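Whatever order the structure lists ligands and atoms in, that order sets their numbers, starting from 1. Keep in mind it's a predicted model, so treat the numbers as computed, not measured.
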Amino acid sequence: MTDIIKLLPDHVANQIAAGEVVQRPASVVKELLENAIDAGATIIKLIVKDGGKALIQVVDDGSGMSETDARLSFERHATSKISSAQDLFNLRTKGFRGEALASIAAIAHVDMQTRTHTNEVGVHIKIEGSKIVSQEVVATPKGTSISVKNLFFNIPARRNFLKSNQVELRHITDEFHRVALVHPNIEFHFYNNGSEIFNLPKGKPRQRISHIFGSRMEDRLVPVNEETEVVKISGFICKPEFAKKSRGEQFFFANDRFIKSPYLHHAVSAAFEGLIKPDTYPGYFIYLEVDPSSIDINIHPTKTEVKFDDENTLYAILRSTVKHSLGQFNVAPILDFDHDPNLDTPYAYKEKGAVLPKVTVDATFNPFQEATERRSGGSFQKVSAKGWEDLYEGLDEDLDTDNFSSLAIESDSDVQGTMYTDDEVGEHLATTFQLRRKYVVSTVKSGMLVIHQNRAHERILFEKFLGEITVKEGVSQQLLFPLELSFNTQELGILQEIKDSLTNIGFAFESLEEETVKVTGVPLVVPESGIGTVLDRLIADYMEGFDTGSISQAEVLAQALSKNLAVRTGEILDQESQLALVNNLFACKEPTLSPFQKLTYTIISEGDIDKKFS
Ligand code: ADP
Ligand code: MG
């Protein structure tokens, strides 16, 4: 038999390696920024176009490269950073594999200009798909400029796999944050499609954080500091009241490298336990310094997962350090151990105090007459938009009770919604009651109708918002005093992205350019006191949803809005609101499932009930 094993040609090997190193434009950004830092740059510019698909360029004022080095830098395993395996245990640089440039050059059009501090002239190299296209002498500032164009030009499958420009830009921004946060001594500029989106002057770590995440960060940060034999910890945690629904602002760095560590994250969360709502995450920027020999950063090619020698000790130290800071800076509120009668009330609603269930009796209301009238119409009317407002208002703290007693179900003959099949129409309009602040129970001909209040309301709001986003019919409530809210650059980007949809459902913004955004109007269902929270959560959910799912922007938004605005388990619904819930649920196109594909209601048949008594 003939020999069949061949050595792969370099460009093929490089392409394969590229698959590991370069997942998306953001990976290129990370590698180039890290190279610039390793080269001792003091000013770094990042320039991207079209989410990095068209261009990623990094310009630095670092050491630069000689002609030979410039050429060699594109070879695989070409590195100036380590020379023996032993060096791996004493790494002080970000790179060490010597793979990045070779990989990037294998799958893109790369253009490098570089000059060392001692050379008069520099070198300009063009390389496409691992092939050197040209190399010439050039007059160029000292330092290095590398531009990467047409990423994955020769691997269409990978190129097609890339997400929208906005999503790719978001990934790039994440990488940029991670690098910029560990190097407050380096000045960074970040341009996207020609406009500067970050301008980070040199400064202290704290200033760097607020330059990136907005000046509102200033008074949210609490320093953490600890020095032990095992680890030196520095950085900041965010005060508990600013815990967010998004996992965005959580950063661990080990020896100046961004790392992911669910285990250490747990240590921080444990320190915050009891101080923040269960579904929120504390913000933190924590810098760990350990002996380079006690950390293995080599277990993952993209190098964000690390292994510490003594993780358990690290966990304990970290948790107590964070706890200590929370206590020392007096941000841990005094715990109230008094027994709370609303044991099953979700955390978020505890502060609202107990709202007494209100039963309004309408003497003129004749359920049978109503039912007959409705039935004789052939189909049933939806509760008007007014019912909506009231359903929501009823759940908010400052309830104007008078409004409620005057509420009647208005019929609006233009809007015809079928609620039930004729067969099911029975006494259900007559009575509803709430069970354990979780279900709304009513009767239907075939038995007992049990509605999950939270999921049902999610479904109703979902369809409402989806409709409004597409047909632009949302009713806006103008704010007497425009509300000023501050957002960081990334959040602002998302707001701009979803602005049209938000406007369609009733939001009105004065300007969306600056860190401070003026909100001048909101949809009727959004309580004025909760505008900030709703927008924050919306942005967080949108970020997560849009990245993973393949559903449309409108659907992601409608989902996020419904999730954040729906009545929750634990909330008391008065009679009218219960009724509106039943009616509106069955006026939906798909009443059976919540927007998250969970069952919204069930009917327990009379037969099943009978069996219990047999
Ligand atoms: P690594 O960073 O792992 O060494 P790379 O492929 O990223 O591997 O880079 C290869 C080599 O090219 C580096 O070791 C360094 O010597 C040189 N190099 C890359 N980028 C720069 C830069 N911006 N300035 C100076 N030298 C650079
Ligand atoms: Mg490198």
Exercise. Determine the interplanar angle of the His177 and Phe198 rings, folded into 0 to 90°, and report it as parallel if under 30°, tilted if 30 to 60°, perpendicular if over 60°.
Key: perpendicular

Self-check item: Whether Met65 lies under 4.0 Å from ligand 1, heavy atom
Solution: yes

Quiz item: With the threshold set at 4.0 Å, does a side-chain nitrogen-carboxylate oxygen contact exist between Glu168 and Lys53?
Solution: no

Quiz item: Can you list the atoms of ligand 1 that are under 4.0 Å from a heavy atom of Glu99?
Solution: 6 (O), 8 (O)

Exercise. Output yes when a side-chain donor or acceptor of Asn564 lies under 3.5 Å from a complementary backbone atom of Ala560, and no otherwise.
Key: yes

Practice problem: Decide whether an N or O pair under 3.5 Å exists between Asp38 and ligand 1. | Solution: no

Practice problem: Take the angle between the ring planes of Phe176 and Phe190 and call it parallel below 30°, perpendicular above 60°, tilted in between. | Solution: tilted

Quiz item: Is Ser63 near ligand 1, meaning one of its heavy atoms is under 4.0 Å from it?
Solution: yes

Exercise. Any atoms of ligand 1 less than 4.0 Å from a non-hydrogen atom of Ala100? List them with their elements.
Key: 6 (O), 7 (O)

Quiz item: Evaluating non-hydrogen atoms only, which member of Ser73, Ala39, Ala36 is closest to atom 24 (N) of ligand 1?
Solution: Ala39

Quiz item: Counting only heavy atoms, which portion of Leu101 has something under 4.0 Å from ligand 1: side chain, backbone, both, or neither?
Solution: both

Quiz item: Just heavy atoms, cut-off under 4.0 Å: does Asp60 contact ligand 1 by side chain, backbone, both, or neither?
Solution: side chain

Quiz item: Taking atom CD1 of Ile233 and atom NE2 of His324, what is their separation to the nearest 0.5 Å?
Solution: 11.5 Å

Self-check item: Qualifying residue for ring-ring contact (aromatic ring centres under 6.0 Å, His included) with Phe252, from Phe258, Phe285, Tyr284, Tyr263
Solution: Tyr284

